[in-house]
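Reviewing the structure listed below.
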Amino acid sequence: MDLDNKGEIFLDYVSLFPEETYKGRKNGLRNDIANYLADLKPAFIRWPGGCIVEGLTMENCVKWKETIGDPIKRPGEYNLWGYRSTYGFGYHEFLQYCEDINSDAMFVCNAGMSCLFRNGDYVEGKELDNLIQDALDAIEYAIGDINTTWGAIRAKNGHPKPFPLKYIEIGNENVGMRYVEHYKKFYKAIKEKYPQMTIVCALMFHPEVTAAEPIEIIDPHYYETADWFYRNSNLYDSIPSMYKSKIYIGEYAATGRASMYSSLAEAAFLTGVERNSNRVQYVSYAPLFQNANNGTGHLIIFKNDSVYGRSNYHVLKMFAENRPDYNIETKLNSTETALPFSPIGLVGLGSCGSIVSYKDFKIEKDGKIIYHSNNFNDFSQSWKVSNGEWKVLNGILTQNKLNEDGYIWLNNKQIGNCTISLKAMKHKGREAFRIFFGAKDSNNYYMADLGSHQNESVIFGECKNGINTSLFDYRNTTNIKTGEWYDIKVEINNNNWRCFLNGQLAYQYTYKPLIRHYAISGYDTQNKELIVKIVNGENKKWISQINLSNINNISNKAKKITLAAENPDSENSFSNPKKIVPQVEFIKDISNQFEISCPANSFTILRIPCDINKTNL
């Protein structure tokens, strides 16, 4: 725009929100983005999400009352993810969108604690009471009568009828006894006024669950490598007895490069979730949306003029559209046999973002000491440094760099089964000790990882081509204190590994080489169809024999839905948004026994018309 005269322009309020919105809602979502999420047909949506609920500090947390009303008056917040949240899409718009797509709403309130891994401040007393009242006000805004204070404000904002709020989550990724105390106060206040609300506890899998009762639902989160998800498809087949509540996987995502390989890893994990749907009753992917300027690793990727769903978007959509009413026992008899496994390679020591010290290092094999360095006086001759700043002083070996990982290797000793023992102290840092074994080099090894996951656990890990995968079933909550010497012993016996801390067994793990084949089945009573889901995470075709017992009147023809990619590194993009999408065909010659061919790198769903009597299963 050209102006004839010089002057000043004053801009009072500028909005980049679209004029044409989903269902014409004022201040609503972009049509294309909203439709992508609506097409998943989610049973519920969680808002405002995870760590921004906690905030960098208590002052930085999301304040729902500032997200309603005239957008001009919403102050917004510079959030802990490093960008400004305008609050343009606020609590009211969230509830409205849930209603528009026939989805229940889950509101996450601050539990009086900021993000534990960033600041960890908290409130007590009157300030905590204010937050509890804030949560009660949020519920009243959503479902309260128009004669109530916040119900009247909802009506003033254009929605007299109640919104579909069903769930309240108290906090996000909060742990410890302080959270337990806060949670119980929130739970009591909410249940007394709104007994119909389903309340979610943010404790995840922590021992404090026994002190936090009553708990209706716990919310574990999983941000792990693709191989972790492949390995843990059976995670919920044997839930420890101390966890008695229902389970909501509030956040999960395979980390690393966005690819079909990682999407199939998530599919493999979801087969185990569906198999245990009597306990794991709710699942939501996170992060859900991602602006392309910040990467392409989430579920739905958008920019100003377009949007696409990654291959894992289609995985989740296939699960949602092919949900059985109940599961059928499914046995997977693989024709492939994993070779016996024993890690053989270099032994080493390391650190993760921490300053640590070691002494009295010893390796035993078959009852004999094969290496012992009481004071590391042979350090320069016997050890090789590949990263970090390692120094020996007064017989104690210390890695002195705080913000990087350290690696040293015992020279030219290829060691298999053995027992490694040593003493270790953490001085400062976010995690702690790493004891390496079976290593080829600093990018390929196994390890006992003490202080893993921000000093939350003692577990085992595997690194392949520089990518670390945590090896655990259920993480323990053993952290490493600073300024204390620990006696550590790691026992390697073929694929059975044990780690002891001060004479107590801290963690044990049985390692099995991966064969990426997974299957689950269930019955759709309305359509009278057996639904079989098959994941082939291998980079080669899988021809499988399917045997259907106790099933009658099997149709000769079945529907086959296949999501596949020739290359496991393939992924959708703006230039080719439908590179990996489900393909549908109908196959014949179905009977009680038939053969199915699953392409390399594929997720396949069969819908087979038949009769199943549940009582005879």
Side-chain angles (χ1 to χ4, degrees), residues 12-31 33-34 37-38 42 44-56 58-101 103-111 130-131 133-144 146 148-172 284 286-291 300 302:
D12 183 25
Y13 175 74
V14 175
S15 174
L16 299 181
F17 273 51
E19 291 185 3
E20 295 183 6
T21 62
Y22 185 72
K23 296 202 171 182
R25 298 298 182 190
K26 185 178 180 180
N27 207 49
L29 291 171
R30 243 173 64 181
N31 265 314
I33 294 177
L37 180 53
F44 68 95
I45 301 177
R46 178 177 181 247
W47 185 92
C51 292
I52 62 169
V53 172
E54 303 159 279
L56 279 167
M58 287 302 301
E59 291 76 19
N60 184 241
C61 67
V62 173
K63 306 166 186 67
W64 75 265
K65 290 174 183 175
E66 295 181 357
T67 75
I68 62 173
D70 190 341
I72 296 177
K73 298 178 180 179
R74 301 179 191 182
E77 187 77 64
Y78 192 82
N79 66 41
L80 83 180
W81 296 125
Y83 58 87
R84 186 166 185 81
S85 296
T86 65
Y87 286 176
F89 182 82
Y91 187 43
H92 186 95
E93 289 81 16
F94 155 69
L95 293 168
Q96 182 66 74
Y97 181 68
C98 289
E99 181 182 79
D100 286 343
I101 66 172
S103 169
D104 291 324
M106 177 186 293
F107 173 68
V108 188
C109 63
N110 184 286
N130 291 340
L131 284 175
Q133 186 58 52
D134 206 53
L136 294 172
D137 292 346
I139 300 172
E140 185 175 281
Y141 183 89
I143 66 172
I146 59 172
T148 63
T149 300
W150 289 98
I153 295 174
R154 181 193 69 239
K156 180 183 176 182
N157 289 340
H159 200 282
K161 293 182 180 180
F163 279 120
L165 181 67
K166 184 176 180 180
Y167 307 98
I168 300 293
E169 182 166 12
I170 301 170
N172 171 76
S284 55
L288 182 62
F289 292 108
Q290 184 171 28
N291 188 300
I300 300 171
F302 68 93

For residues F17 and F89, report the shortest heavy-atom separation together with the two atoms involved.
-> CZ-N, 3.6 Å
Heavy-atom distance under 4.5 Å between the side chains of M106 and E169, does that happen here?
-> yes
For residues N79 and S85, report the shortest heavy-atom separation together with the two atoms involved.
-> ND2-OG, 2.8 Å
Residues two or more places apart in sequence or in another chain: which of them pass side-chain contact (heavy atoms from CB on, under 4.5 Å) with E19?
-> none
With rounding to the nearest 0.5 Å, note down the distance linking CD1 in I153 to CD in E140.
-> 8.5 Å
With a 4.5 Å limit on heavy-atom distance, are the side chains of N172 and R46 in contact?
-> yes
Distance col, row F44:CZ vs L165:CG, nearest 0.5 angstrom, shows 13.0 Å
Would you call E77 and K63 a side-chain contact if the rule is heavy atoms closer than 4.5 Å?
-> yes
Residue pair F107 / A138: nearest heavy atoms and the distance that separates them | CE2-CB, 3.6 Å
Minimum heavy-atom separation for W81 to C51, with atom names?
-> CZ2-CB, 3.8 Å
Distance in Å, T21 OG1 paired with I33 CD1, rounded so as to fall on 0.5 Å steps = 12.5 Å
Side-chain contact test, heavy atoms from C-beta onward, threshold under 4.5 Å: evaluate it for C98 versus D104 and give yes or no.
-> no
Side chains of N291 and Y83: does their closest heavy-atom pair fall under 4.5 Å?
-> no
What residues form a side-chain contact (heavy atoms from CB on, under 4.5 Å) with K156, not counting sequence neighbours?
-> none
What distance do E93 atom CD and Y22 atom OH have between them, rounded to the nearest 0.5 Å?
-> 15.5 Å
Check step by step if side chain to side chain contact (heavy atoms under 4.5 Å, CB included) holds for I45 and L288.
-> CA-CA 10 Å; I45 301 177; L288 182 62; 5.5 Å; no
What heavy-atom pair brings Y91 and I139 nearest, and what distance separates the two atoms?
-> OH-N, 4.3 Å
State whether E99 and R154 are salt-bridged, where the test is any N-O pair (Lys NZ or Arg NE/NH1/NH2 against Asp/Glu carboxylate O) under 4.0 Å.
-> no
Is Y87 close to E66 at the side-chain level, that is, under 4.5 Å between some pair of heavy atoms?
-> yes
Could you go step by step and tell me if N27 and R74 meet the side chain to side chain contact (heavy atoms under 4.5 Å, CB included) rule?
-> CA-CA 13 Å; N27 207 49; R74 301 179 191 182; 3.6 Å; yes
Side-chain contact test, heavy atoms from C-beta onward, threshold under 4.5 Å: evaluate it for C109 versus L131 and give yes or no.
-> no
At what distance, to the nearest 0.5 angstrom, does CG of D134 lie from NZ of K65?
-> 4.0 Å
Side chains of L37 and L29 in contact at under 4.5 Å (non-hydrogen atoms) = no
In this structure, CG of N157 is separated from OH of Y141 (nearest 0.5 Å) by 4.0 Å
Taking all atoms of both residues into account, what is the closest heavy-atom pair of N110 and C61, and its distance?
-> ND2-CB, 3.6 Å
Identify, with sequence neighbours excluded, every residue that meets ring-ring contact (aromatic ring centres under 6.0 Å, His included) alongside F163.
-> H92, H159
